[in-house]
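Below is one structure, written out as structure tokens, with a few remarks after it.
Naming convention: chains lettered A, B, ... in sequence-line order (proteins, then strands); numbering from 1 in each chain.
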Number of protein chains: 2
Amino acid sequence: MAKRSIAADVPADELLKLENQMCFPLYACSKEVVRRYTPYLDKLGLTYTQYLVMLALWEYGPTTVGELGERLYLDSGTLTPLLKKMEAKGLLERKRNAGDERRVTIELTDEGVALKERARDVPLSMGACVGITPGEGAELVRLLQKVLSNVRDSREG
Amino acid sequence: MAKRSIAADVPADELLKLENQMCFPLYACSKEVVRRYTPYLDKLGLTYTQYLVMLALWEYGPTTVGELGERLYLDSGTLTPLLKKMEAKGLLERKRNAGDERRVTIELTDEGVALKERARDVPLSMGACVGITPGEGAELVRLLQKVLSNVRDSREG
DNA sequence: TGCAATTTAATTGCATACCATTGTATAGCA
DNA sequence: TGCTATACAATGGTATGCAATTAAATTGCA
């Protein structure tokens with residue numbers, strides 16, 4: 001038995017099967033779950049990404065574009081037009097920071113704050129249709145966060 | 001103690017925290033993993049979605065747009081332009097099915113088939129940077145497929 | 001102080017994704 | 001056969017996402 005990594009002995013045929021990779025179930029599951037949110041979020045007038053922005057603002061309060069992007073893993077190319085649309089809808093305000101003109105402060109309007117109550121049911125409805133036990137959910141989140149953390153670390157390495 | 005679901009007793013503040021939801025780690029992890037593929041796929045001249053199409057074609061052989069979409073959870077609005085680009089690059093051919101003119105058959109060219117060998121290293125490289133054990137990987141895939149299956153079922157219900 | 005390096009958003013360009021609609025082709029039935 | 005319903009891919013419109021670049025502001029150092 002040659003001293004090789006296990007993977008080196010596996011033929012390309014096996015390695016390249018859709019089911020044998022983690023990435024495809026991850027990609028497909030993420031898309032389908034997001035899609036499943038749509039009917040609930042439509043009632044609130046939000047897209048999925050806009051919903052994430054609202055979650056972050058409800059939880060952490062006023063922030064900057066950069067902070068928001070770090071938290072949600074989104075860059076300014078995505079956030080800037082998104083935030084402008086949300087501002088146009090009256091959910092939040094974008095203001096150049098007085099102390100540091102490079103920064104733009106994002107702050108919810110009263111309407112944006114009020115939307116939180118109507119959003120309350122969204123996680124409950126979604127929880128009902130993922131159909132896994134709380135224990136499984138916790139394990140899934142743990143594994144996802146582990147992968148997320150490792151993938152990010154290996155980027156700078 | 002009133003007879004209510006557990007969730008009904010949890011305040012909106014807790015329910016709506018980013019970390020308390022499965023959707024956000026799922027969404028973020030998927031995006032970051034896909035992003036991490038980019039440098040490897042660049043060498044093959046493929047985008048991530050194009051890579052998925054190639055995986056499906058390498059594994060299952062010639063197919064139709066509809067079949068491909070079912071397998072990859074993509075619709076014709078995404079696939080048609082994608083496949084046209086891949087055809088222009090010489091990776092595959094799109095032909096109207098002789099027996100049923102509604103269908104378009106997708107088939108790899110020799111060049112498309114040959115690319116498989118060069119793609120062999122991609123799963124190995126990616127496997128190295130997700131940094132979880134084979135056991136954890138298997139559990140993660142199992143849970144993702146369970147959620148995927150449940151989310152899809154609840155759509156028609 | 002004055003200038004180079006850095007930080008921060010915004011912009012541009014490219015590639016998905018999904019929904020709804022359209023147009024062509026086939027199937028199924030009166 | 002002829003008409004309607006269905007199936008399928010393509011199209012058009014909207015919304016992300018990311019990389020690379022730009023532009024303005026601030027920092028830090030000579």
May I have the distance from B/Lys84 (atom NZ) to C/dA15 (atom P), rounded to whole angstrom?
15 Å
Paired nucleotide for D/dA30 [Watson-Crick or G-U wobble; both distances under 3.5 Å]
C/dT1
Starting the side chain at C-beta, find the nucleotide from C/dC18, D/dA19, D/dA10 nearest to B/Arg35.
D/dA19
Using whole Å, what does the distance between atom P of nucleotide D/dC18 and atom CZ of B/Arg36 come to?
15 Å
Tell me which of A/Tyr27 and A/Thr78 sits closer to the 5' end of DNA chain C, going by the nucleotide each one is nearest to.
A/Thr78
Salt bridge or not for B/Arg35 and B/Glu32, using N-O below 4.0 Å?
yes
Nearest whole angstrom, please: distance from the C1' of D/dT6 to the CD of B/Glu101.
18 Å
Could you list the donor-acceptor pairs under 3.5 angstrom formed between side-chain atoms of residues 45-55 of chain B and any protein atom two or more places apart in sequence or on another chain?
residue	atom	partner	partner atom	Å
B/Thr47	OG1	B/Gln50	N	3.2
B/Gln50	OE1	B/Thr47	N	3.3
B/Gln50	OE1	B/Lys89	NZ	2.7

Salt bridge B/Glu59-A/Lys17, side-chain N to carboxylate O under 4.0 Å
no
How many Å lie between CG on B/Leu74 and P on D/dT16, as a whole number?
19 Å
Take B/Leu79 and A/Thr47, find for each the nucleotide of DNA chain D with the closest heavy atom, and name the residue whose nucleotide sits nearer the 5' end.
B/Leu79
Output side-chain donor-acceptor pairs under 3.5 Å for residues 123-135 of chain A, partner residues at least two apart or in another chain, one line each.
residue	atom	partner	partner atom	Å
A/Ser125	OG	A/Asp121	O	3.0
A/Thr133	OG1	A/Glu136	N	3.0

May I have the distance from B/Arg103 (atom CZ) to C/dT26 (atom P), rounded to whole angstrom?
10 Å
Between C/dC14 atom P and B/Leu82 atom CG, what is the distance in whole Å?
16 Å
Pick base, sugar-phosphate or nothing for A/Asp100, based on heavy-atom distances below 4.0 Å to the nucleic acid.
sugar-phosphate
Under 4.0 Å, heavy atom to any atom of DNA chain C: which of residues 49-70 of chain A qualify?
A/Thr64, A/Val65, A/Gly66
Rounded to the nearest angstrom, tell me the gap between atom OH in A/Tyr48 and atom C1' in D/dT16.
13 Å
Grab the NZ-C1' distance between B/Lys31 and C/dA17 for me, whole Å please.
14 Å
Take a 6.0 Å sphere around CG of B/Asp42 and say whether it holds more than 12 heavy atoms from other residues, nucleotides or ligands.
yes
Polar side-chain contact B/Ser76-D/dA10 base: donor and acceptor under 3.5 Å
yes
Looking at B/Arg94 and B/Glu87, does any basic side-chain N land under 4.0 Å from a carboxylate oxygen?
yes
base_contact_polar (C/dT24 base, B/Arg102 side chain, donor-acceptor, <3.5 Å)
no
Does B/Arg120 come within less than 4.0 Å of B/Glu117, counting only side-chain N to carboxylate O?
no
